[in-house]
Chemist: 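Once you've had a glance at the structure underneath, I'll fire off some questions.
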Protein chains: 2
Amino acid sequence: MPVPPPPPDAVARVRRFNRAITRAVGALNTSFLDRGRPLGAARVLNAIGQGRSDLGEIRAYLGLDSGLMSRLLRGLEAEGLVATAADAQDSRRRVVHLTPAGAAEFAEYERLSDAQAAGILATHPDPGALLAAMDLIGSALGRDRTTLEVCDPRSPEALRCLQAYYAELAARLPHSFDVSLSCDPQAEAMMAPHGAFIVAMSDGLALGCVGLKGTDAGYAEIKRLWVAPAARGLGLARRLMDGAEAAAQGLGIALLRLDTNSALPEAIALYRATGWTEIARFNDDPYPDVFFEKRLAQA
Amino acid sequence: MPVPPPPPDAVARVRRFNRAITRAVGALNTSFLDRGRPLGAARVLNAIGQGRSDLGEIRAYLGLDSGLMSRLLRGLEAEGLVATAADAQDSRRRVVHLTPAGAAEFAEYERLSDAQAAGILATHPDPGALLAAMDLIGSALGRDRTTLEVCDPRSPEALRCLQAYYAELAARLPHSFDVSLSCDPQAEAMMAPHGAFIVAMSDGLALGCVGLKGTDAGYAEIKRLWVAPAARGLGLARRLMDGAEAAAQGLGIALLRLDTNSALPEAIALYRATGWTEIARFNDDPYPDVFFEKRLAQA
DNA sequence: CATTTTGCCTGACTTATGTCAGATGAATTC
DNA sequence: GAATTCATCTGACATAAGTCAGGCAAAATG
């Protein structure tokens, strides 16, 4: 794709954006202080509320020193918001959980955050455009924090991706697209031990997916490769494909195949660039018209 | 305009954006710390570098306590970066300026900021889309910090607005638009004491403009009302018009007129809603086809 | 079993930031 | 010209946040 050169005021505009968000983040933080707790303690409480229970994990996530972490935790314990216990498997480790009072306090922080988010949207004339802009920037900034996660293809994140994937296929393929026609595999074929379904998560938002569907014909198929428009060009499709290949190797699969459509040139270019070779039609699905194969090195 | 309802995951997406930018701001701040100075001192240095010299003004801008401000300033003085002196008019006040060493240090911070901004742009596949998203979000977040400023219509900010204004007219008007044809007034007519040119500034970016052009026919004309696409729907056009009216009253002008084109329905709706009455054609400019007038209360 | 490693805790310390009550000296007001 | 107001400075505190050196007990390693 031809990338237009950035306009002369580009750097000034980015810096203006930086100033604006620095202020917004400051406002966000001070609003958290209204609950009478220092920011560090509030962050720990929120990490626990999000389901993180392993102390070391929380420390790594928040980037805290073990001494500081210990003290913050003790403060929350003194407030009666959290309780700690030794890990059942390894009693050097400690696990933390919210007490009922802590859960209530966490809910209060969540309410605050939600209200702030809703407030930003409510005062804007075009929330859809604002959200799209936020997704784009969030994806760009959170690029190296985007993680691949194996999950159930029927999970909410997976369904969000698949829905967007089908909507896009319908818009881009010349003939109208009907999901039920395209031989839709059962979810089990895309879960261990037959296959896998991988979602790219960025700060809680699913940005892309790929399915590895096991067959009983000596190969597995790559299906449903999709990347959110806001995250395109960031190399996510390649990461997803790498993840799918690694999953296949982990399952002892030696041969991969996929079918695609010539109306999706970006996808085809990616396959060609990553070691796939074009082969003859291997199924009678009416929609695909290009077919690829890749042999994997044994794990 | 019909506004589509926000999607069900809207709040989650805003919160994801918040998380992403909170991290980005943190990274930004820690990078400033690499110059071995606490953030507070760096902020004061930057405020001075931006041309603020009055101590009280800097304190208000940064929201600092007078004691803290004093100490930070003393630290910068000890480093040899700034020098203070009593104000010439009022020797209770103090004015600050950068020493050569301070100017060099400030330039270094600027270089850092520019490099970071350029870095974000450079790694993105579509810098134009990223900038548009940043402008949109910056405008939404900086909404209540957008200020109206009277300036020379030949200043860089004004020219940026006017250029965008003409480009848009060319795109929206049915016949091709040529600036030189539309009787282009001299800049003097849009400056005191004849008129005014007002620019809406948001964190250093010009988001809109309006010109008040004095004539010798007993009225002044509103010209070149423009709002950046990223800032539309936020009520900026109305604020600019209010500003122009206030400027007119300040200049003792009692009658305002304007011409516009029926291809710009948003503008026409605004005029109707703010006390303007449609009148007969009052000039022979070929482009406009709708004409308005408004009588002002005497200041 | 002895040694080392690991995960967490504690105490002692530092730095950054913020707050508050005067002190100081220069305008301003009466 | 005395009293008041104002802008800034100083000293005395307070709190948040972070660092570092050990300490302790459980787990892993030999």
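From a predicted model like this one, the values you see are computed outputs, not experimental measurements. Residue numbers begin at 1 in each chain, while the letters A, B, ... track the order of the sequences.
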Chemist: Rounding to an integer number of Å, can you tell me how far A/Leu68 CG sits from D/dA16 C1'?
Modeler: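 Nearest whole value for this atom pair: 9 Å.
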
Chemist: Between B/Arg71 and B/Glu77, does any NZ, NE, NH1 or NH2 come within less than 4.0 Å of an OD or OE carboxylate oxygen?
Modeler: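 Answer for the salt bridge query: no.
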
Chemist: Among C/dG18, C/dC9, D/dA27, find the nucleotide with the atom closest to the side chain of A/Ser91.
Modeler: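 The answer is D/dA27, which lies nearest to the side chain.
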
Chemist: Nearest whole angstrom, please: distance from the P of D/dG18 to the CG of B/Leu33.
Modeler: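 B/Leu33 atom CG is separated from D/dG18 atom P by 11 Å.
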
Chemist: Between B/Ser66 and A/Arg93, which has a closest nucleotide on DNA chain C that is more 5'?
Modeler: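 Closest to the 5' end, via its nearest nucleotide, is A/Arg93.
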
Chemist: Would one find a side-chain N or O of B/Arg94 under 4.0 angstrom from OP1 or OP2 of C/dA26?
Modeler: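 So the side-chain polar atoms of B/Arg94 never come under 4.0 Å of the phosphate oxygens OP1 or OP2 of C/dA26.
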
Chemist: Counting only distance, no hydrogens or angles, is the base of C/dT19 paired donor-acceptor with the side chain of B/Arg71 under 3.5 Å?
Modeler: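 Side chain to base: pair found, below 3.5 Å.
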
Chemist: Please state how far atom CG in A/Asn29 lies from atom P in D/dA17, giving the value in whole angstrom units.
Modeler: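 Those two atoms, CG and P, are 10 Å apart.
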
Chemist: Please report, rounded to the nearest Å, how far the P atom of D/dA16 is from the CZ atom of A/Arg43.
Modeler: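 The distance from CZ of A/Arg43 to P of D/dA16 comes to 15 Å, rounded to the nearest Å.
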
Chemist: For A/Gln89 and D/dA27, give me the distance from atom CD to atom P, rounded to whole Å.
Modeler: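 These atoms are roughly 10 Å apart.
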
Chemist: D/dT15 P sits how many Å from A/Leu72 CG, rounded?
Modeler: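 A/Leu72 atom CG is separated from D/dT15 atom P by 16 Å.
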
Chemist: Under a 4.0 Å threshold between the charged nitrogen and the carboxylate oxygen, would B/Arg93 count as salt-bridged to B/Asp90?
Modeler: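 So B/Asp90 pairs with B/Arg93 through a salt bridge.
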
Chemist: A/Arg74 side chain N/O closer than 4.0 Å to the phosphate oxygens (OP1, OP2) of C/dC8?
Modeler: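 So the side-chain polar atoms of A/Arg74 never come under 4.0 Å of the phosphate oxygens OP1 or OP2 of C/dC8.
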
Chemist: Before accepting this row, confirm whether a basic side-chain N of the pair B/Glu157/B/Arg160 lies closer than 4.0 Å to the acidic partner's carboxylate O.
Modeler: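 The answer is no: the pair does not qualify as a salt bridge.
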
Chemist: Want to settle it: does B/Gly56 or A/Pro38 sit nearer the 5' end of DNA chain D, counting the closest nucleotide to each?
Modeler: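 Its nearest nucleotide being more 5', the pick is B/Gly56.
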
Chemist: Just how far, in rounded Å, is C1' of D/dT10 from CD of B/Glu77?
Modeler: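 Interatomic distance, CD of B/Glu77 to C1' of D/dT10: 14 Å.
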
Chemist: Within 45° of the axis and under 6.0 Å from the centre of the six-membered ring of A/Phe32, does NZ or CZ of A/Arg37 qualify?
Modeler: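 So A/Arg37 doesn't make the cation-pi contact.
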
